[in-house]
> 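Here it is, the structure in full.
Values below: every heavy atom of this structure, side chains too, minus hydrogens, waters and symmetry copies. On a predicted model such as this, the values are computed, not experimentally measured, just so you know. Start at 1 with the first residue, then count along the sequence.
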Amino acid sequence: MNVVLRQLVPLQGWMGIGRMSLCGPAELRDYGRALECFTLVANQSDYPQAWLALGEINMHGFGVKQDLDAAASCFQRAADLGNVFGYTGLARIAARQRKVLRSFKFRIVAAIAALRAQEGSENLNPW
């Protein structure tokens with residue numbers, strides 16, 4: 001990605017490009033671009049929603065080899081940054097690994113964190 005372009009576009013712009021590249025209409029979908037955008041934002045700002053998106057990319061194998069360990073690391077980083085959906089991502093990974101009690105634990109932690117979060121908080125926003 002062009003260094004000058006990286007500096008000109010605000011991080012929220014990169015999040016928007018990443019979202020369109022990952023979930024937009026088929027003609028705009030580009031998983032490699034999505035990965036690049038979300039990685040840029042995560043590394044430059046530690047924005048939890050970028051970590052959530054990276055977790056989804058790794059969990060589902062969008063443009064990369066599916067890697068549940070990498071996905072768990074991304075979801076954990078989002079949770080560490082206070083985002084409730086980091087815990088739900090960890091719960092989904094545990095469920096895929098047939099670790100039912102671990103999945104249930106993460107869902108409870110997510111529910112408690114959501115109850116403690118302020119209405120309208122960034123911590124309640126998915127990617």
Side-chain angles (χ1 to χ4, degrees):
M1 195 177 307
N2 184 313
V3 174
V4 175
L5 186 60
R6 281 186 188 179
Q7 295 170 348
L8 291 176
V9 177
L11 294 177
Q12 283 299 329
W14 290 118
M15 286 297 294
I17 294 167
R19 286 184 191 104
M20 287 301 292
S21 299
L22 184 62
C23 304
E27 61 272 9
L28 296 178
R29 241 176 257 150
D30 181 341
Y31 297 140
R33 183 183 321 129
L35 178 66
E36 191 172 7
C37 290
F38 293 131
T39 299
L40 172 74
V41 175
N43 289 336
Q44 284 192 2
S45 71
D46 238 359
Y47 188 56
Q49 283 79 359
W51 287 108
L52 291 173
L54 291 171
E56 293 293 335
I57 287 169
N58 282 290
M59 184 170 73
H60 296 289
F62 293 132
V64 296
K65 185 176 182 216
Q66 184 181 44
D67 185 343
L68 295 182
D69 292 332
S73 294
C74 293
F75 288 134
Q76 185 64 60
R77 185 68 188 136
D80 291 346
L81 291 167
N83 192 286
V84 172
F85 289 97
Y87 295 113
T88 61
L90 290 166
R92 289 184 295 137
I93 288 175
R96 283 182 177 218
Q97 296 170 331
R98 302 195 189 287
K99 297 178 181 175
V100 176
L101 291 178
R102 185 172 173 85
S103 177
F104 188 61
K105 175 193 128 187
F106 283 126
R107 291 177 196 283
I108 290 172
V109 171
I112 291 169
L115 289 171
R116 289 183 178 161
Q118 302 232 344
E119 194 67 37
S121 166
E122 277 283 310
N123 293 333
L124 295 173
N125 289 340
W127 59 275

> Testing Leu54, Asp67, Ile93 for side chain to side chain contact (heavy atoms under 4.5 Å, CB included) with Met59, which one passes?
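When side chain to side chain contact (heavy atoms under 4.5 Å, CB included) is applied between Met59 and each of Leu54, Asp67, Ile93, only Ile93 qualifies.
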
> Given the rule that I, L, V, M, F, W and Y join up when any side-chain heavy atoms are under 4.5 Å apart, are Met20 and Leu52 in one cluster?
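Shared cluster, no.
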
> Please report the shortest heavy-atom distance between Leu35 and Val64, naming the atom on each side.
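Here Leu35 and Val64 meet closest at CD2-CG1, 3.7 Å.
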
> Looking at OG1 of Thr39 and CH2 of Trp14, how far apart are the two atoms once the value is rounded to the nearest 0.5 Å?
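Rounded to the nearest 0.5 Å, the OG1-CH2 separation comes out at 12.5 Å.
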
> Could you check whether any side-chain heavy atom of Gln97 comes within less than 4.5 Å of a side-chain heavy atom of Arg102, counting everything from C-beta outward?
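No; the side chains remain at least 4.5 Å from each other.
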
> Rounded to the nearest 0.5 Å, what separation is found between the SG atom of Cys23 and the CZ atom of Phe62?
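It is 7.0 Å, given to the nearest 0.5 Å.
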
> When you compare the side chain of Asp80 with that of Gln76, does any pair of heavy atoms fall below 4.5 Å?
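The answer is yes; the side chains approach within 4.5 Å.
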
> Which heavy atom of Ala50 sits nearest a heavy atom of Ala42, and at what distance?
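So the minimum-distance heavy-atom pair works out to CB-N, 3.7 Å.
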
> Please round to the nearest 0.5 Å and tell me the distance separating atom CD of Glu56 and atom CG of Asn58.
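Answer for the CD-CG pair, Glu56 versus Asn58, is 10.0 Å.
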
> Closest heavy-atom contact between Phe106 and Tyr87?
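Result for this residue pair: CB-O, 3.4 Å.
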
> What are the two closest heavy atoms between Ala110 and Val84, and how far apart are they?
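Shortest heavy-atom separation between Ala110 and Val84 comes out as O-CG1, 3.4 Å.
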
> Check whether any side-chain N or O of Gln66 sits under 3.5 Å from a backbone N or O of His60 as a donor-acceptor pair, and report yes or no.
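Checking the backbone N and O of His60 against the side chain of Gln66, no donor-acceptor pair under 3.5 Å is found.
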
> If you define the side chain from C-beta out and look only at heavy atoms, does anything of Phe75 sit under 4.5 Å from Arg92?
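Side chain of Phe75 against side chain of Arg92, heavy atoms only: contact under 4.5 Å found.
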
> Between Ser103 and Arg98, is any pair of side-chain heavy atoms under 4.5 Å apart?
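They are not in contact (no side-chain heavy atoms under 4.5 Å apart), so the answer is no.
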
> Please find the pair of heavy atoms, one from Ala78 and one from Pro48, that lie closest to each other, and give the distance.
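So the two residues come closest at CB-O, 3.6 Å.
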
> Below 4.5 Å, heavy atoms only, C-beta onward: do Phe38 and Leu22 meet side chain to side chain?
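Contact flag for Phe38/Leu22 side chains = yes.
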
> How close do Gln44 and Leu11 get, counting heavy atoms only, and between which atoms?
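Reported closest heavy-atom pair: OE1-CD2, 3.5 Å.
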
> Side-chain heavy atoms under 4.5 angstrom apart, residues restricted to Ile, Leu, Val, Met, Phe, Trp, Tyr: same cluster for Phe104 and Phe85?
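Unlinked, Phe104 and Phe85 end up in two clusters.
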
